[in-house]
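Each remark here refers to the structure printed beneath this line.
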4 protein chains.
Amino acid sequence: MGKREDILNATLDLITEEGLQSITFSKIFKRANVGSATFYHYFDNKEVLVNELYKNTSKQMSEFVIKDYDIAATLYEKFRFFLKKTADFAISHPNELWFLENYAHSPFISEEIRNAVDPTISEFINIIAEGQRQGIIKDMNPVVCFQIVGGSILFVIRGHLSNKYPLSDSEIQQTIEVCWKGIKV
Amino acid sequence: MGKREDILNATLDLITEEGLQSITFSKIFKRANVGSATFYHYFDNKEVLVNELYKNTSKQMSEFVIKDYDIAATLYEKFRFFLKKTADFAISHPNELWFLENYAHSPFISEEIRNAVDPTISEFINIIAEGQRQGIIKDMNPVVCFQIVGGSILFVIRGHLSNKYPLSDSEIQQTIEVCWKGIKV
Amino acid sequence: MGKREDILNATLDLITEEGLQSITFSKIFKRANVGSATFYHYFDNKEVLVNELYKNTSKQMSEFVIKDYDIAATLYEKFRFFLKKTADFAISHPNELWFLENYAHSPFISEEIRNAVDPTISEFINIIAEGQRQGIIKDMNPVVCFQIVGGSILFVIRGHLSNKYPLSDSEIQQTIEVCWKGIKV
Amino acid sequence: MGKREDILNATLDLITEEGLQSITFSKIFKRANVGSATFYHYFDNKEVLVNELYKNTSKQMSEFVIKDYDIAATLYEKFRFFLKKTADFAISHPNELWFLENYAHSPFISEEIRNAVDPTISEFINIIAEGQRQGIIKDMNPVVCFQIVGGSILFVIRGHLSNKYPLSDSEIQQTIEVCWKGIKV
DNA sequence: GATGAATGAGAATTCATTCAT
DNA sequence: GATGAATGAATTCTCATTCAT
């Protein structure tokens, strides 16, 4: 495992423990067991680090969600699959989720990276569009539709992570049902 | 208008203009026309300022949403009202919204303030519970239900604010319809 | 009891509790229950306060030591009296003592006040000079002689106050004996 | 010579030149030719610096006094030696002396450092105890005895440094004689 | 006489970044 | 490739003092 990974891991760990605001480079150096100059060997500056981390974490989430995706499943099953896997990731990786949500708006994240097309999301949006073509899902901007169902599932997890309520699998299933019922014709 | 207000206003203005990351105290002092020590006369430190601002902004949103609330309206109308007003606030106050979402997770915000009960949200949750009692809305944890519909509407706005798509009133109405259809029996 | 006294008392109290270095005016204002401007009504600035305190405390010590002075006593008895009373004051007013010792060297104390003649000390030095005239005490600069015996007694108390050793009356008597034996012919 | 030494030296120089009260960090940085952050690389904060300086200065005095100590000398000669060297140090290093006396009582100096055993003082106290064993010096707590003679010599120097009187070698010899006569049997 | 909000100069401290090794 | 001592500009925060009431 290289120093570069150490730095990225240490940064996410620290975000987890102390919150985004209070992170300093020297904390990262100490945590990653890395000299300060070593950092600059791998990352030109803070911005580059954060962008890299954002890319990494995005990819991690994307790959987690798409894993075990059954291309032969029905449209409804695929829809359920995406939301369920998203919920699973959010619950098991709360800090990654939180980092992604916060930094997506940050001036640090370059336009290019923020707008990069995520293949998993693309596939999900394709599924929605396909559903619309088949007359199963309501006609609307499929990206808006994606935001509707994505927002629902993520906010339900958020509420749970903020200790507003316990969350069992049945609530998650319920949420997915609500989403499906809402958007279907 | 006292210096304390000046400081709070200047801070929010600066967040609006420059984003959260780049704000420094000296910028606040200059903007508020206030000596540095004056700041510390009113706020013990940065944390206190941010908490105060969070309380203020929460209240602002809460009051914006509840304004013109018609207690005599039907349950469906009330539901639509809350989501529409939330969307209106989000669109017209993007920086306030972003500040609230980001800082809600920050270690700066005290547990006490984070968990404070918002009367507008309470009323919305009550409406949901009332709908359930009347057999109009599906039986589920009303707070979870609130997160579902709130997440939908806010994510739709977010997507718009991130330039993913233009947003006309008809998309907002559509979103509200999806929410209602999803949760009703 | 006037505000002026309150300020002086509060200042000495704070020196006692927190040490000289860490005293600030706002602490004094709070402790004395006095507005900041009230302070400046009585004392032009910090220097004046410290000088006033120095004068006050000097006088307090001086009056404590001279109290019950028996002008009819023998020279030896008078000598013992001064040293014993000095020791008594030092033990019972450690903070006053410490303030006097530290600030005597401070640039804050004006030359005028630092060099002001203390009547009690004058009387003690007179006693020494008288002893020399009578051929009882060794011939030397009486002020130097005063420093010798004063230094002895105060350092013995200091050592005690610094917890180097317990101190009973017999050690004090012993110290006085040493002083007397040292300077007598 | 490292930066750490530079900082300590600059601090002592400044105390010597300007007195304790007026020292600021930026003066130290300039004098030591050191960036501000460099200071914090070596010393966690002001307190640590002052403690370190206290240790250094203590050691300096200790080494000055013990220098040229003749272990073969008679007890009386040793006694004279310690007092004479103490006086020499006090006269030639008034600021160091004053720093030691003032800061010994300061809350800045940690208990541990304040109570550290000085080998030169230990040796002096041993000499006193040895004199008592030989029946030359009066029986009393040797530490008290040390304070008696130390206080005498230091107060005599103090009086001189405060411009109360000129001081030639003969007054110092006289003072040492008084001390010896006072404590011997 | 008494007040305390307001101040700005300046203090201590932190930070991202560089450079010689 | 790896290091960490060194940096100075920037930042947070303090302080003695003033002024309008």
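Letters A, B, ... are given to chains in the order of the sequence lines, protein chains preceding strands, and every chain is numbered from 1.
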Tell me every residue that passes side-chain contact (heavy atoms from CB on, under 4.5 Å) with N56(B), counting only those two or more places apart in sequence or in another chain. L8(B)
Going by the rule salt bridge (Lys or Arg N to Asp or Glu O under 4.0 Å), which residues pair with E52(D) if we only count those two or more places apart in sequence or in a different chain? R4(D), K55(D)
Separation of dA20(F) atom C1' from Y40(C) atom OH, nearest Å, is 17 Å
Could you tell me the separation between the CG atom of D6(B) and the P atom of dA5(E), rounded to a whole number of Å? 15 Å
DNA chain E-proximal residues of residues 27-39 of chain A, any heavy atom under 4.0 Å: F29(A), S36(A), A37(A)
Write out the stems for DNA chain E, ordered by first number and formatted as range with range, counting runs of at least 3 consecutive Watson-Crick or G-U wobble pairs under 3.5 Å. E:2-21 with F:2-21
Among dT17(F), dA16(E), dA5(F), the one nearest any side-chain atom of H41(D) is dA5(F)
Could you state the atom-to-atom distance from CZ of F25(B) to P of dA9(E) in whole Å? 20 Å
Please state how far atom CG in D44(D) lies from atom P in dA12(E), giving the value in whole angstrom units. 16 Å
For the residue pair E101(A) and L154(A), establish whether any side-chain heavy-atom pair is separated by less than 4.5 Å. yes
Atom CD1 of I7(D) to atom P of dA5(F): distance rounded to whole Å? 13 Å
I'd like a table of donor-acceptor pairs (distance under 3.5 Å, sequence neighbours excluded) in which one partner is a side-chain atom from residues 39-47 of chain D, with atom names and distances.
residue : atom : partner : partner atom : Å
N45(D)  : OD1  : E47(D)  : N            : 3.0
N45(D)  : OD1  : V48(D)  : N            : 3.1

Sequence neighbours excluded, which residues qualify as ring-ring contact (aromatic ring centres under 6.0 Å, His included) partners of F64(C)? F89(C), H93(C)
Check side-chain contact (heavy atoms from CB on, under 4.5 Å) between L161(B) and all other residues, then give those that pass, not counting sequence neighbours. P94(B), I157(B)
Those residues that, when tested against S162(D), pass side-chain contact (heavy atoms from CB on, under 4.5 Å) (two or more places apart): K164(D)
All side-chain contact (heavy atoms from CB on, under 4.5 Å) counterparts of R31(C), not counting sequence neighbours: A10(C), D13(C), L14(C), E17(C)
To the nearest angstrom, how far is N45(C) atom CG from dA16(F) atom C1'? 10 Å
Choose from dA12(E), dT3(E), dA16(E) the nucleotide whose nearest atom is closest to any side-chain atom of K3(C). dT3(E)
With sugar-phosphate meaning primed atoms plus P, OP1 and OP2, does F43(D) contact a base, only sugar-phosphate, or nothing at under 4.0 Å between heavy atoms? nothing
Round to the nearest Å and state the distance from K46(B) atom NZ to dA10(F) atom P. 16 Å
Please answer whether the main-chain N or O of S110(D) pairs with a side-chain N or O of N51(D) as donor and acceptor at a distance below 3.5 Å. yes
Between dT13(E) (P) and L49(D) (CG): distance, integer Å: 11 Å
